[in-house]
There are 2 protein chains.
Amino acid sequence: MKSEFLKNWETQMKKGLLPFFVLQSLSTKEQYGYELIQELKSSFGIDVTESTIYPLLIRLMKENMLSHNWVEQPSGIPRKYYSISTEGKKHIKK
Amino acid sequence: MKSEFLKNWETQMKKGLLPFFVLQSLSTKEQYGYELIQELKSSFGIDVTESTIYPLLIRLMKENMLSHNWVEQPSGIPRKYYSISTEGKKHIKK
DNA sequence: ATATAATACATCGTATAACAAAGTATTATA
DNA sequence: TATAATACTTTGTTATACGATGTATTATAT
């Protein structure tokens, strides 16, 4: 089992790395929140919860790194698709 | 001038990276707090304040990553020298 | 002589961000 | 008919960097 120290270290690492991975991931294609959670897991091996990703996306919106548009589905809940802005693209080159 | 966004991003990055850099730096030689601040600046280009480094060192002590011993100076304030523990060495291999 | 800077430690309050928990709503599966 | 999966959201807690402030000693500048 993972020590409290390592578990906490990982959490703190995410505070810096998550915005980068999200911008990186969205620079390949538009994605919605729930999809991003699975993408971050499969592509980067990062576990993220919904209460992390949704506030983060809202924050990146406020910073003008992202834009979004609701897309109605033929069935089920509509999805909020996010795409990276010109501003956002500038920031992932670091 | 650096944007608020980038300034904040850097702060969040440090929350994950600082423990690593401190352990890394202490694995080469024993160092005291004030010395570490200058070392992190010159070797890694990282700006750290005293109100960051001292609590961090205390935390790493509690986690058994470090040990320390006071060293009296021929003149001036005594220095608290930190050295990395066996436990700490294990953790920087990641 | 006297103020300022540099050295060296420490603590308090604030802001940021991940995360557990809980909630709403729809559709698929057991 | 309940449970899981999909999809979004909010509230409260916790960890940590950092500005500000404080104490104390020594060196440098005015």
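Every chain is numbered from 1, with letters handed out A, B, ... down the list of sequences.
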Exercise. To the nearest Å, how far apart are A:Tyr54 OH and D:dT6 P?
Worked result: 11 Å
Seminar exercise, completed: Assign each of B:Gly16 and A:Tyr82 the nucleotide of DNA chain D bearing its closest heavy atom; nearer the 5' end lies the nucleotide of A:Tyr82
Exercise. Nearest nucleotide by nearest heavy atom, which residue falls closer to the 5' end of DNA chain D, A:Pro55 or A:Trp9?
Worked result: A:Pro55
Exercise. Can you tell which of A:Val48, A:Leu26, A:Leu40 makes a side-chain contact (heavy atoms from CB on, under 4.5 Å) with A:Phe21?
Worked result: A:Leu40
Exercise. Phosphate oxygens OP1/OP2 of D:dA7: is one of them under 4.0 Å from a side-chain N or O of A:Tyr32?
Worked result: yes
Exercise. So, for A:His68 and A:Lys80, which heavy atoms are closest and what is the spacing to 0.1 Å?
Worked result: ND1-CG, 3.7 Å
For this session: Check whether any side-chain nitrogen or oxygen of B:Lys80 sits under 4.0 Å from OP1 or OP2 of C:dA10, and answer yes or no.
Result: yes
Exercise. Quick one: A:Met13 CE to C:dT16 P, roughly how many Å, whole number?
Worked result: 21 Å
Problem set entry | Phosphate-side-chain proximity, A:Gln12 and C:dT16, N/O vs OP1/OP2 below 4.0 Å | no
Exercise. Can you tell me if the side-chain N/O atoms of B:Tyr34 get under 4.0 Å from OP1 or OP2 in C:dC9?
Worked result: no
Exercise. Under 4.0 Å: is that the gap between some side-chain N or O of B:Arg79 and OP1 or OP2 of D:dA24?
Worked result: no
For this session: For B:Pro78 and for A:Thr11, locate the closest nucleotide of DNA chain C by heavy-atom distance; then report the residue assigned to the nucleotide nearer the 5' terminus.
Result: B:Pro78
For this session: Respond yes when some side-chain nitrogen or oxygen of A:Arg59 is under 4.0 Å from OP1 or OP2 of C:dA17, and no when none is.
Result: yes
Exercise. Just checking A:Thr52: base, sugar-phosphate only, or nothing, at a heavy-atom cut-off of under 4.0 Å?
Worked result: base
Problem set entry | B:Asn8 side chain near D:dC18 phosphate (N/O to OP1/OP2, under 4.0 Å) | no
Problem set entry | Selected nucleotide, minimal atom distance to B:Lys14 side chain, candidates D:dA17, C:dT11, D:dT16 | D:dA17
Seminar exercise, completed: B:Ile77 CD1 to D:dA27 C1', in whole Å, measures 13 Å
Problem set entry | Same cluster (ILVMFWY, side-chain, under 4.5 Å), A:Leu36 and A:Ile77 | no
Problem set entry | Base partner of C:dA30, which must satisfy Watson-Crick or wobble distances under 3.5 Å | D:dT1
Exercise. Which nucleotide in the set C:dA21, C:dC9, C:dA18 lies at the smallest distance from any side-chain heavy atom of A:Ser51?
Worked result: C:dA21
Exercise. With no angle test and no hydrogens, is the base of C:dT16 tied to the side chain of B:Lys15 by a donor-acceptor pair under 3.5 Å?
Worked result: yes
For this session: Describe the nucleic acid contact of A:Glu10 in one word from base, sugar-phosphate, nothing, applying a heavy-atom distance below 4.0 Å.
Result: nothing
Exercise. What is the distance, rounded to the nearest whole Å, between atom NE2 of A:His68 and atom C1' of D:dT9?
Worked result: 13 Å
For this session: Would you confirm whether A:Ser25, through its side chain, and A:Val22, through its main-chain N or O, come within 3.5 Å as a donor-acceptor pair?
Result: no
For this session: Mark yes or no for a side-chain to base donor-acceptor pair under 3.5 Å between B:Glu50 and D:dC18, with no hydrogen or angle criteria applied.
Result: no
Exercise. Tell me: CG of A:Leu18 to C1' of D:dT16, nearest whole Å?
Worked result: 16 Å
Exercise. Quick one: A:Lys7 NZ to D:dT14 P, roughly how many Å, whole number?
Worked result: 12 Å
Exercise. In whole angstrom, what separates B:Trp70's CH2 from C:dC9's P?
Worked result: 6 Å
Seminar exercise, completed: Between the CD1 atom in B:Ile46 and the OG1 atom in B:Thr52, the distance rounded to the nearest 0.5 Å is 11.5 Å
Exercise. Rounded to the nearest 0.5 Å, how far does OG of B:Ser3 lie from NE2 of A:His91?
Worked result: 5.0 Å
Exercise. A:Glu72 CD to C:dT27 P: how many Å, rounded?
Worked result: 12 Å
